[in-house]
Amino acid sequence: MTNDPAKLLPADQPVQLIAPDGTANEKPSYAMPSSEDLLTAYRLLVTGRRINDQAYALVRQGRLAVYPSSHGQEACQVAASQVLQDGDWLFPTYRDCVAAIARGVPPVEVLELLKGEWHCGYDPYERRVAPQVTPLATQLPHAVGVAHAATLRGEETVAMALCGDGATSEGDFHEALNFAAVFKAPVVFFVQNNEYAISVPLSRQSAAPSLAHKGVGYGVPGERVDGNDIAAVLAVLGAAVERARSGEGPQLVEAHTYRMQAHTNADDATRYRDDDEVEAWAARDPLARIETYLRTAGLLDDVVADEARSEADGIALAMREGLMADNVPEPAALFQNVYASPTPQLREQAAMIAEELQREAAV
């Protein structure tokens, strides 16, 4: 880390390696990721888009209570998981289902939260993916704590803490960056700036030149990246992770992207933004951009593209089948996995439920 403000400032323009039309930047500020990494990212993007579309359909069919889509933000989702090692941790928000799935968590387990069956449908320790959170920014101090603890144990763990632009207005954002900077915790704070916090535009969230500039006040270096350019996001996040892992302390990365669909299925986005704005961002679609680049570079053909779509369709089918099943809730499970050791209050409440069920069974 450094106290030199000039070294903390982000670039004037977001890092971009591939333009919206699929052509490579002639003067890149970061090296292009390997062909293997780009093809992996492409497959994950195809899957991520299919997951978003399928989940929205499941909401309409009444199989999910709500779904906060990341349609248009999939490059951020995929890259956040792809740059991590097995021993690292991912701290996702409610919108980051695709990131958790890209990390290896089964889709049905991820979506059980949004079906309303569990607060967290997966074991966080199995893939090192923390429970998805709905309150803004509460996961950020948790990520700092995990990263700091890993440092104290002599581990090389990095925590990837995801949040949106709205979360940067929360107190937990301030506390997390300040704590991480003071203790040089190996955390990458990844802000997906999709221009809106529900209906509140970025202009009503912050007067800073960019959200990445906020790191200066804490001594945390910031960087900006085109969040719809998967190559650039991989390069910038990958470099940030390695700086954090090598002992350079926390990093702040702001991705400029866009939420193509409504905040959730319960939101009417037409009340606060117009179609022209959405269409302008549609031309910057992350999936179309990387597909055009890969085909032009001779790295992608119809066979590989069809294989990626077929794999994504298979995952969507498994999602449908898993979420269409009607699970019979077990009342006793309500009290499980709340505390490592149940409190007296929990034991008392569990006993009351058990007695009531016994009485009903006797009748």
Side-chain angles (χ1 to χ4, degrees), residues 4-46 48-49 72-83 102 165 188 190-195 202 208-213 215-216 221-244 246 248 251-258 260 276-302 304-305 308:
D4 183 354
K7 295 182 180 179
L8 298 174
L9 289 169
D12 291 338
Q13 297 296 323
V15 174
Q16 184 184 89
L17 300 184
I18 301 174
D21 64 0
T23 58
N25 190 329
E26 295 181 356
K27 296 181 179 180
S29 53
Y30 283 75
M32 183 72 73
S34 69
S35 299
E36 180 181 359
D37 285 343
L38 290 178
L39 283 170
T40 297
Y42 168 75
R43 293 188 180 94
L44 290 171
L45 280 175
V46 172
R49 180 63 54 83
Q73 298 179 218
E74 292 97 344
C76 297
Q77 302 279 298
V78 165
S81 289
Q82 194 174 339
V83 298
D165 46 291
V188 176
F190 185 32
V191 181
Q192 297 174 77
N193 175 7
N194 65 14
E195 301 294 331
L202 181 64
S210 77
L211 298 179
H213 279 79
V216 178
E223 185 63 282
R224 304 168 67 195
V225 64
D226 181 341
N228 287 20
D229 175 3
I230 183 63
V233 184
L234 283 173
V236 170
L237 280 184
V241 166
E242 291 313 307
R243 287 195 298 270
S246 64
E248 295 186 34
Q251 312 289 312
L252 174 61
V253 176
E254 175 191 6
H256 295 264
T257 184
Y258 194 75
M260 294 299 297
D276 290 342
E277 179 181 311
V278 178
E279 289 176 7
W281 276 93
R284 304 175 64 180
D285 182 74
L287 180 54
R289 185 186 307 200
I290 188 60
E291 181 164 352
T292 299
Y293 172 80
L294 291 173
R295 285 186 181 276
T296 302
L299 299 172
L300 179 68
D301 56 24
D302 289 342
V304 176

(message) Determine whether a donor-acceptor pair (N or O, by modelled atom type, separation under 3.5 Å) exists between the side chain of Ser81 and the backbone of Val78.
(response) no
(message) Within the 4.5 Å heavy-atom criterion, are Ile230 and Pro286 side-chain neighbours or not?
(response) no
(message) For Pro33 versus Leu17, what's the shortest heavy-atom pair and its separation?
(response) CD-CD1, 3.9 Å
(request) Find out whether Leu38 and Tyr293 are in side-chain contact, i.e. whether some heavy atom of one side chain is under 4.5 Å from a heavy atom of the other. (result) yes
(request) Taking the side chain as every heavy atom from C-beta outward, state whether Glu242 and Val188 have any pair of such atoms under 4.5 Å apart. (result) no
(request) Would you check if Leu300 and Ile290 make a side-chain contact, meaning some heavy-atom pair closer than 4.5 Å? (result) no
(request) Evaluate the criterion side chain to side chain contact (heavy atoms under 4.5 Å, CB included) for residue pair Leu287 and Val46; output intermediate values, then yes/no. (result) CA-CA 7 Å; Leu287 180 54; Val46 172; 3.8 Å; yes
(message) With rounding to the nearest 0.5 angstrom, report the CG to OG distance, Asp12 to Ser210.
(response) 9.5 Å
(message) Tell me whether Asp301 at atom CG has more than 12 heavy atoms from other residues, nucleotides or ligands lying less than 6.0 Å away.
(response) yes
(message) Donor-acceptor check, side chain of Asp229 to backbone of Ile18, threshold 3.5 angstrom: yes or no?
(response) yes
(request) Over all heavy atoms of both residues, which pair between Arg224 and Ala212 is shortest? Give the atoms and the distance, please. (result) CG-CB, 3.7 Å
(message) Between Val216 and Leu9, is there a side-chain heavy-atom distance shorter than 4.5 Å?
(response) yes
(request) For Glu254 and Leu211, indicate whether the former's side chain and the latter's backbone hold a donor-acceptor pair under 3.5 Å. (result) yes
(message) Just so I know, are the side chains of Phe190 and Leu252 near enough to count as touching, which here means a heavy-atom distance under 4.5 Å?
(response) no
(message) Tell me whether the count of non-hydrogen atoms from other residues, nucleotides or ligands lying under 6.0 Å of CD in Glu277 goes above 12.
(response) yes
(request) Could you tell me whether the side chain of Asp285 reaches within less than 4.5 Å of the side chain of Met260, counting heavy atoms only? (result) no
(request) With rounding to the nearest 0.5 Å, note down the distance linking CG in Leu299 to CG in Leu294. (result) 5.5 Å
(request) Please report the shortest heavy-atom distance between Arg289 and Pro20, naming the atom on each side. (result) NE-CA, 3.5 Å
(request) Nearest 0.5 Å please: distance from the CZ atom of Arg243 over to the CD atom of Gln251. (result) 4.5 Å
(message) I'd like to know if the side chain of Gln16 pairs up with that of Asn25 as donor and acceptor (distance under 3.5 Å, no hydrogens or angles considered).
(response) no
(request) Give the intermediate values and the outcome of side chain to side chain contact (heavy atoms under 4.5 Å, CB included) for residues Asp37 and Gln82. (result) CA-CA 9 Å; Asp37 285 343; Gln82 194 174 339; 4.0 Å; yes
(request) Hey, could you give me the CG/NE2 distance between Leu8 and His213, rounded to the nearest 0.5 Å? (result) 11.0 Å
(message) Minimum heavy-atom separation for Leu234 and Ala41, please, with both atom names.
(response) CD1-CB, 4.0 Å
(message) Can you confirm whether the side chains of Asn228 and Thr257 place a donor and an acceptor under 3.5 Å from each other?
(response) yes
(message) Show the nearest heavy-atom pair for residues Ala232 and Val15, with the distance to one decimal.
(response) CB-O, 3.6 Å
(message) Before you tell me yes or no, could you show the steps for Val304 and Arg43 under side chain to side chain contact (heavy atoms under 4.5 Å, CB included), namely the whole-Å CA-CA distance, both residues' side-chain angles and the distance that decides it to 0.1 Å?
(response) CA-CA 9 Å; Val304 176; Arg43 293 188 180 94; 3.9 Å; yes
(request) Over all heavy atoms of both residues, which pair between Ala255 and Cys76 is shortest? Give the atoms and the distance, please. (result) CB-SG, 3.6 Å
